[in-house]
Amino acid sequence: MTSTCKHGLDLPKREEKPRSNGVTMVMDKGLSFRQAEDLVDSCGHIIDFVKLGFGTSIFTNRADEKIALYKKSGIHPYLGGTLFEAFIKQNKFDQYRSLLDRWKLDTVEVSDGSLAIPTEEKCKYISILAKDHIVLSEVGSKDAKKEILAENWVSMMQTELEAGSFLVIAEAREGGNVGICMSDGSIHVSLIDAIFASIPEEKVLWEAPMKAQQIWFIKRFGNNVNLGNIAQNEVVALETLRNGLRGDTFHLF
């Protein structure tokens with residue numbers, strides 16, 4: 001299917017926001033309020049989620065104002081999973097929920113990439129938070145030495161979706177070199193195939209910070225694949241890839 005853009009070109013069909021397919025999640029690693037304004041002004045209309053990466057939110061000036069800006073622009077901001085894990089490690093889940101309330105965040109990430117959290121306990125957090133929030137739960141370790149069998153990836157994703165996750169995030173880190181990706185950035189194809197065989201495509205958000213990874217996923221799943229950990233200066237470039245307006249995907253659509 002195609003749609004005609006305001007400039008007259010026939011482009012491949014893209015779902016309109018708010019959407020659960022073709023999602024773009026952007027990594028904010030400590031942008032200033034003015035930088036966030038520029039990001040929203042340039043391409044806020046094609047961003048679905050902004051992750052305030054790892055623990056950067058508690059060290060960034062005007063974080064509350066930046067969160068409000070994203071929300072006003074139709075973007076769902078949320079705190080990095082590592083910050084969630086830090087609160088859990090210190091047995092401060094209630095304080096974490098208070099922080100979500102203080103910043104009026106409607107989206108939350110539940111992860112266990114740095115802290116080993118038993119599946120039952122992780123799903124308990126998902127279920128509690130899903131009552132009032134959009135939950136994105138992340139599967140995969142940030143430790144490149146920790147190997148998770150494909151069947152375990154699938155099992156965890158299924159369990160977390162059943163617990164209330166809106167999307168499950170397939171871990172690759174901001175470097176794109178662990179989890180669903182190899183240390184050199186190449187794609188762990190057999191793992192992706194195993195996940196795709198059992199989990200609905202629209203329920204997975206693939207972390208793909210590198211251009212080559214984004215191209216691979218678009219070629220494999222089409223332009224409405226969910227992609228995350230996109231650098232703020234690569235959002236528009238990714239949208240051109242999704243629409244066949246860059247040499248790498250020019251002949252796909």
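All heavy atoms count here, side chains included; hydrogens, waters and symmetry mates do not.
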Between [atom1] on residue [X] and [atom2] on residue [Y], distance to nearest 0.5 Å:
{"X": "Leu227", "Y": "Ile218", "atom1": "CG", "atom2": "CD1", "result": "6.0 Å"}
{"X": "Phe49", "Y": "Leu205", "atom1": "CZ", "atom2": "CG", "result": "8.0 Å"}
{"X": "Arg242", "Y": "Gln214", "atom1": "CZ", "atom2": "CD", "result": "8.5 Å"}
{"X": "Gln158", "Y": "Lys203", "atom1": "CD", "atom2": "NZ", "result": "13.5 Å"}
{"X": "Leu105", "Y": "Leu129", "atom1": "CG", "atom2": "CG", "result": "11.5 Å"}
{"X": "Ile134", "Y": "Ser20", "atom1": "CD1", "atom2": "OG", "result": "10.5 Å"}

What pair of heavy atoms forms the shortest contact from [X] to [Y], and how long is it?
{"X": "Glu138", "Y": "Lys122", "value": "O-NZ, 2.6 Å"}
{"X": "Glu160", "Y": "Cys123", "value": "CG-SG, 4.2 Å"}
{"X": "Tyr78", "Y": "Met25", "value": "OH-CE, 3.4 Å"}
{"X": "Pro12", "Y": "Ser3", "value": "O-OG, 4.2 Å"}
{"X": "Val204", "Y": "Ala170", "value": "CG1-CB, 4.3 Å"}
{"X": "Val26", "Y": "Ala231", "value": "CG1-C, 4.3 Å"}

Indicate, with yes or no, if [Y] and [X] share a hydrophobic cluster defined by side-chain heavy-atom contacts under 4.5 Å among Ile, Leu, Val, Met, Phe, Trp and Tyr.
{"X": "Leu136", "Y": "Leu79", "answer": "no"}
{"X": "Phe59", "Y": "Phe33", "answer": "yes"}
{"X": "Ile230", "Y": "Val178", "answer": "no"}
{"X": "Leu100", "Y": "Leu167", "answer": "no"}
{"X": "Val225", "Y": "Ile195", "answer": "yes"}

[X] side-chain N/O to [Y] backbone N/O, donor-acceptor pair under 3.5 Å:
{"X": "Thr60", "Y": "Ala63", "result": "no"}
{"X": "Asn223", "Y": "Gly22", "result": "no"}
{"X": "Asp41", "Y": "Glu37", "result": "no"}
{"X": "Asp48", "Y": "Thr24", "result": "yes"}
{"X": "Lys29", "Y": "Thr56", "result": "no"}
{"X": "Thr159", "Y": "Ser155", "result": "yes"}

Exercise. Please walk me through it: do Lys142 and Glu85 pass salt bridge (charged side-chain N to carboxylate O under 4.0 Å, His left out)?
Worked result: CA-CA 13 Å; Lys142 299 186 186 303; Glu85 294 175 48; 5.8 Å; no

For this session: Identify which one of Lys71, His76, His133 satisfies the side chain to side chain donor-acceptor pair (under 3.5 Å) criterion when paired with Asp106.
Result: His76

For this session: Determine the interplanar angle of the Phe221 and Trp206 rings, folded into 0 to 90°, and report it as parallel if under 30°, tilted if 30 to 60°, perpendicular if over 60°.
Result: parallel

Would you find more than 12 non-hydrogen atoms of other residues, nucleotides or ligands less than 6.0 Å from [X] atom [atom1]?
{"X": "Gln95", "atom1": "CD", "result": "yes"}
{"X": "Glu151", "atom1": "CD", "result": "yes"}
{"X": "Asn61", "atom1": "CG", "result": "no"}

Exercise. Does Arg220 pair with Asp193 as a salt bridge, N-O distance under 4.0 Å?
Worked result: yes

Exercise. Taking atom types as modelled, is there a side-chain donor on Ser141 or Glu171 under 3.5 Å from an acceptor on the other?
Worked result: no

Problem set entry | Side-chain H-bond candidate by donor/acceptor type, Lys51 with Asn229, under 3.5 Å | yes

Problem set entry | Worked verdict on Glu234 versus Leu238 for side-chain contact (heavy atoms from CB on, under 4.5 Å) | CA-CA 6 Å; Glu234 293 291 337; Leu238 170 59; 5.8 Å; no

Problem set entry | Side chain proximity check, Ile180 to Trp153, heavy atoms < 4.5 angstrom | yes

Problem set entry | Side-chain touch Val50/Lys66, heavy atoms, less than 4.5 angstrom | no

Could you go through residues 245-253 and list every donor-acceptor pair under 3.5 Å that involves a side-chain atom there, pairing it with any protein atom two or more places apart or in another chain?
{"from": "Asp248", "atom 1": "OD2", "to": "Lys211", "atom 2": "NZ", "distance (Å)": "3.1"}
{"from": "Thr249", "atom 1": "OG1", "to": "Leu241", "atom 2": "O", "distance (Å)": "2.8"}

Problem set entry | Quiz item: cation-pi between Lys89 and Phe84, 6.0 Å / 45° | no

For this session: Go through the steps to decide whether Asn21 and Asn226 satisfy the test side-chain contact (heavy atoms from CB on, under 4.5 Å), and finish with yes or no.
Result: CA-CA 6 Å; Asn21 206 18; Asn226 299 324; 4.1 Å; yes

For this session: Before giving the answer on side-chain contact (heavy atoms from CB on, under 4.5 Å), spell out for Ile169 and Glu207 the whole-Å C-alpha distance, their side-chain angles and the decisive distance to 0.1 Å.
Result: CA-CA 7 Å; Ile169 304 171; Glu207 290 189 342; 3.5 Å; yes

For this session: Apply side-chain contact (heavy atoms from CB on, under 4.5 Å) to the pair Tyr70 and Leu39, showing each step before the final yes or no.
Result: CA-CA 10 Å; Tyr70 287 140; Leu39 176 64; 4.0 Å; yes

